[in-house]
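None of the values given here were measured: they were computed from a predicted structure. First listed ligand is number 1; within each ligand, the first listed atom is number 1.
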Amino acid sequence: KHSYDIIIGPDLIEQAALQLKHSLHKQDFHQIRLAIVTDTNVASLHLGPLQEKLTKNKIHTVPIIIEAGEQSKSLSTLQTVIDKVLAARLERGDCVIAFGGGVVGDLAGFAASIIRRGMNFIQMPTTLLAQIDSSVGGKTGINSQYGKNLIGSFYQPRCVIADTCVLDTLPAREFRAGYAEMVKYGLINQPDFFEWLEKNGKDVFSNGPIRTQAIMRSCQFKADIVARDEYETGERALLNLGHTFGHMLETATAYDSKRLIHGEAVAIGMILAHQFSAQLNLIDPILTQRIKAHFKSIGLPTKLQDIPGQLPDAATLMSLIFQDKKVSQNNLIFILTRGLGQSFIAKNVSPDAVLSFLKQKLAKI
Ligand code: NAD
Ligand code: ZN
């Protein structure tokens with residue numbers, strides 16, 4: 001196992017050259033070549049300034065721009081990235097930088113892990129979700145026709161550089177979706193962080209010390225869980241809070257033009273996980289109301305009624321849950337809770353109980 005720095009703060013692109021030099025600790029840094037993998041949106045907004053800084057420092061850069069969107073987590077885009085890195089004759093000691101959201105991070109990280117049996121790799125996440133979640137923890141990969149993230153590797157970066165200013169150009173909806181995952185960390189096992197977000201959450205949306213603090217705390221939390229359980233044999237599964245119901249809703253609405261994005265589905269999923277916990281008499285329903293109120297104040301969806309378009313019936317939703325890789329037939333694993341920030345892994349949740357819960361929820365629409 002190796003450890004690495006996570007650097008978080010404003011205007012880090014300005015200092016990128018310095019940070020990279022530090023992390024790659026090469027004798028003659030100027031000879032290192034960097035492949036910058038980024039997507040069309042991030043390239044048009046932020047690639048220019050980053051390249052300018054690096055070029056000024058006499059660092060040779062090879063920009064590799066992929067189409068923005070989840071469909072780029074594919075074998076064909078992976079092939080393109082690999083070919084471009086090899087065509088530019090980058091060696092093992094050179095470096096691949098992922099400059100973008102989780103899509104770019106997962107794809108570029110996987111490419112870096114297999115090119116020449118593993119090149120230097122650096123994460124420069126540009127979405128809130130990527131800064132607090134996907135860039136930390138070393139999971140990389142692409143999708144297959146059989147499901148999301150089914151081809152990949154565990155590959156840790158040399159360092160993570162999260163520039164909080166870059167988030168200013170992120171669409172509000174993407175920002176809120178990332179914020180939902182931040183709230184998740186509080187709900188898992190840090191009630192004080194949830195309470196802090198109730199008071200300060202709105203300020204995360206503007207650039208300043210609160211934003212930096214919130215991102216730092218989130219990364220620390222994720223890094224700690226990953227350090228204790230890198231390969232998800234135990235407590236790392238807590239990070240799936242809200243994700244079984246969330247994935248169910250994401251898949252159910254995938255073909256709708258007004259579909260939910262991941263963080264929105266997870267926000268509703270976390271509410272459902274709390275409501276389900278209440279139904280099992282694990283928590284007081286008032287707790288769910290409190291979390292709902294916070295999500296609403298941020299502009300996140302909280303209930304099935306907030307989903308545009310038609311949802312399938314309960315039996316179909318149930319089949320989507322069974323498709324999810326976190327469950328096996330007749331033995332549903334759910335992250336449930338015993339109170340604010342008291343989540344736990346429930347290993348024997350009865351499918352019948354989930355089905356009747358879903359029926360009851362759908363009946364209220
Ligand atoms: P994304 O990478 O698609 O980015 C969302 C959108 O924001 C894209 O359109 C992108 O072009 C745009 N964008 C990115 N940065 C921007 C900026 N600064 N300004 C303006 N626009 C910007 O999506 P995401 O939400 O960052 O990541 C989702 C992906 O992350 C999924 O594929 C998911 O599977 C993966 N993920 C991985 C892990 C992990 O541990 N590896 C964890 C969670 C999620
Ligand atoms: Zn998630």
Side-chain angles (χ1 to χ4, degrees), residues 12-13 37-47 49-50 65-74 77 98-110 113 121 123-144 147-157 160 162-185 187-188 207 218-219 222-223 225-226 230-232 236-247 249-250 260-270 324-326 335:
L12 291 178
I13 285 189
V37 183
T38 188
D39 74 19
T40 41
N41 293 334
V42 180
S44 66
L45 292 161
H46 303 290
L47 183 58
L50 175 63
I65 302 171
I66 63 163
E67 211 54 55
E70 184 72 25
Q71 77 282 354
S72 282
K73 275 175 59 171
S74 66
T77 316
F99 186 51
V103 166
V104 166
D106 283 9
L107 173 76
F110 184 41
S113 78
F121 174 53
Q123 290 269 18
M124 286 189 82
T126 65
T127 62
L128 182 61
L129 179 116
Q131 295 196 350
I132 66 158
D133 189 352
S134 60
S135 69
V136 180
K139 282 189 185 176
T140 77
I142 58 174
N143 304 327
S144 111
K148 271 194 68 166
N149 302 324
L150 293 183
I151 306 163
S153 61
F154 283 96
Y155 196 63
Q156 304 293 348
V160 180
D163 184 330
T164 54
C165 294
V166 170
L167 299 180
D168 284 342
T169 59
L170 195 62
R173 197 172 165 199
E174 295 288 349
F175 203 107
R176 288 195 294 268
Y179 183 83
E181 302 271 8
M182 188 176 262
V183 174
K184 181 187 78 178
Y185 294 152
L187 297 178
I188 288 174
N207 197 9
S218 300
C219 286
K222 172 122 192 221
I225 280 211
V226 172
E230 190 171 356
Y231 300 107
E232 195 165 325
R236 189 167 181 171
L238 288 172
L239 296 171
N240 295 323
L241 174 63
H243 280 62
T244 300
F245 286 129
H247 286 157
L249 295 173
E250 241 184 315
L260 292 173
I261 60 178
H262 176 73
E264 294 171 333
V266 169
I268 302 176
M270 287 190 283
D324 203 70
K325 67 174 186 287
K326 275 110 193 167
I335 310 305

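- His262 and Glu70 share no donor-acceptor pair across their side chains, judged by distance under 3.5 Å alone.
- Near Lys73, meaning under 4.0 Å from one of its heavy atoms, ligand 1 places the atoms 31 (C), 32 (O), 33 (C), 34 (O), 35 (C).
- Residue His46 places a heavy atom less than 4.0 Å from ligand 1.
- Checking side-chain atoms of Lys148 against main-chain N and O of Asn143 turns up no donor-acceptor pair under 3.5 Å.
- In terms of protein heavy atoms, atom 20 (C) of ligand 1 is closest to Thr169 O, 3.1 Å.
- Note: Phe154 and Tyr231 have perpendicular aromatic rings, judged against thresholds of 30 and 60 degrees for the angle between ring planes.
- Against a heavy-atom cut-off of under 4.0 Å, Val42 is close to the following atoms of ligand 1: 13 (N), 14 (C), 15 (N), 16 (C).
- Heavy-atom contacts of Pro171 reach the following atoms of ligand 1: 20 (C), 21 (N) (cutoff under 4.0 Å).
- Shortest contact from atom 12 (C) of ligand 1 to any protein heavy atom: Asn41 ND2, 4.1 Å.
- Looking at atom 35 (C) of ligand 1, its nearest protein heavy atom turns out to be Asp106 OD2, 3.4 Å.
- Within the 4.0 Å heavy-atom shell around ligand 1 one finds Lys222.
- Short contacts between ligand 1 and Asp39, defined as distances under 4.0 Å to a heavy atom of the residue, involve ligand atoms 10 (C), 11 (O).
- Of the polar atoms of Thr140, none of the N or O atoms is found under 3.5 Å from an N or O of ligand 1, judged by distance alone.
- Contact detail for Ile66 and Thr77: the closest heavy-atom pair is CG2-CG2, 3.7 Å.
- Ligand 1 has no N or O atom lying under 3.5 Å from any N or O atom of Val136, backbone or side chain.
- Between His46 and Thr169, the side chains place a donor N or O and an acceptor N or O closer than 3.5 Å (distance only, hydrogens not considered).
- Counting just the N/O/S atoms of His243, the one with the shortest distance to the Zn ion (ligand 2) is named NE2.
- Remark: minimum distance from atom 30 (O) of ligand 1 to any protein heavy atom is reached at Gly102 CA, 3.3 Å.
- Judged purely by atom type and a 3.5 angstrom limit, Lys184 uses its side chain to pair as donor or acceptor with the backbone of Leu239.
- When the heavy-atom distances from atom 43 (C) of ligand 1 to Ile66, Asp133, Val166 are ranked, the shortest goes to Asp133.
- Panel note: side chain Glu264, backbone Ile261; a donor-acceptor pair is recorded below 3.5 Å.
- Close N/O approach between Thr127 and ligand 1 is found [any backbone or side-chain N/O within under 3.5 Å].
- Taking every heavy atom of Glu70 and a limit of under 4.0 angstrom, the matching atoms of ligand 1 come to 31 (C), 32 (O).
- Each of the atoms 11 (O) of ligand 1 lies under 4.0 Å from some heavy atom of Ala68.
- Rounding to the nearest 0.5 Å places CG of Leu50 at 11.5 Å from CG of Leu12.
- Put simply, no part of Leu167 is less than 4.0 Å from ligand 1, judged by heavy atoms.
- The six-membered or imidazole ring of Tyr155 lies away from that of Phe110, with a centre-to-centre distance of 6.0 Å or more.
- For atom 22 (C) of ligand 1, the nearest non-hydrogen atom of the protein is Leu170 CD1, 3.6 Å.
- Within ligand 1, the atoms closer than 4.0 Å to a non-hydrogen atom of Glu174 are 5 (C), 6 (C), numbered from 1 in the order shown.
- Residue Glu230 is tested with Lys139, Gln156, Arg236 for a side-chain hydrogen bond (donor to acceptor under 3.5 Å, both in side chains); the sole match is Gln156.
- Checking side-chain atoms of Ser135 against main-chain N and O of Pro125 turns up no donor-acceptor pair under 3.5 Å.
- Contact detail for Ile13 and Val166: the closest heavy-atom pair is CD1-CG2, 3.6 Å.
- Side-chain contact check for Thr140 and Ser113: no donor-acceptor pair (N or O, by modelled atom type) lies under 3.5 Å.
- Checked by distance only, ligand 1 and Val103 come closer than 3.5 Å through their nitrogen or oxygen atoms.
- Of all the heavy atoms of Leu129, the ones lying under 4.0 Å from any atom of ligand 1 belong exclusively to the side chain.
- To the nearest 10 degrees, the Zn ion (ligand 2) sees NE2 of His262 and OE2 of Glu181 at an angle of 90°.
- Between Ser134 and Leu129, some side-chain heavy-atom pair lies under the 4.5 Å cut-off.
- The two residues Gln131 and Ala162 make their nearest non-hydrogen contact at CD-CB, 3.7 Å.
- Heavy-atom proximity to Thr126, at under 4.0 Å, picks out these atoms of ligand 1: 14 (C), 15 (N), 16 (C), 17 (C), 18 (N).
- From the protein, the heavy atom lying nearest to atom 38 (C) of ligand 1 is Ser134 CB, 3.2 Å.
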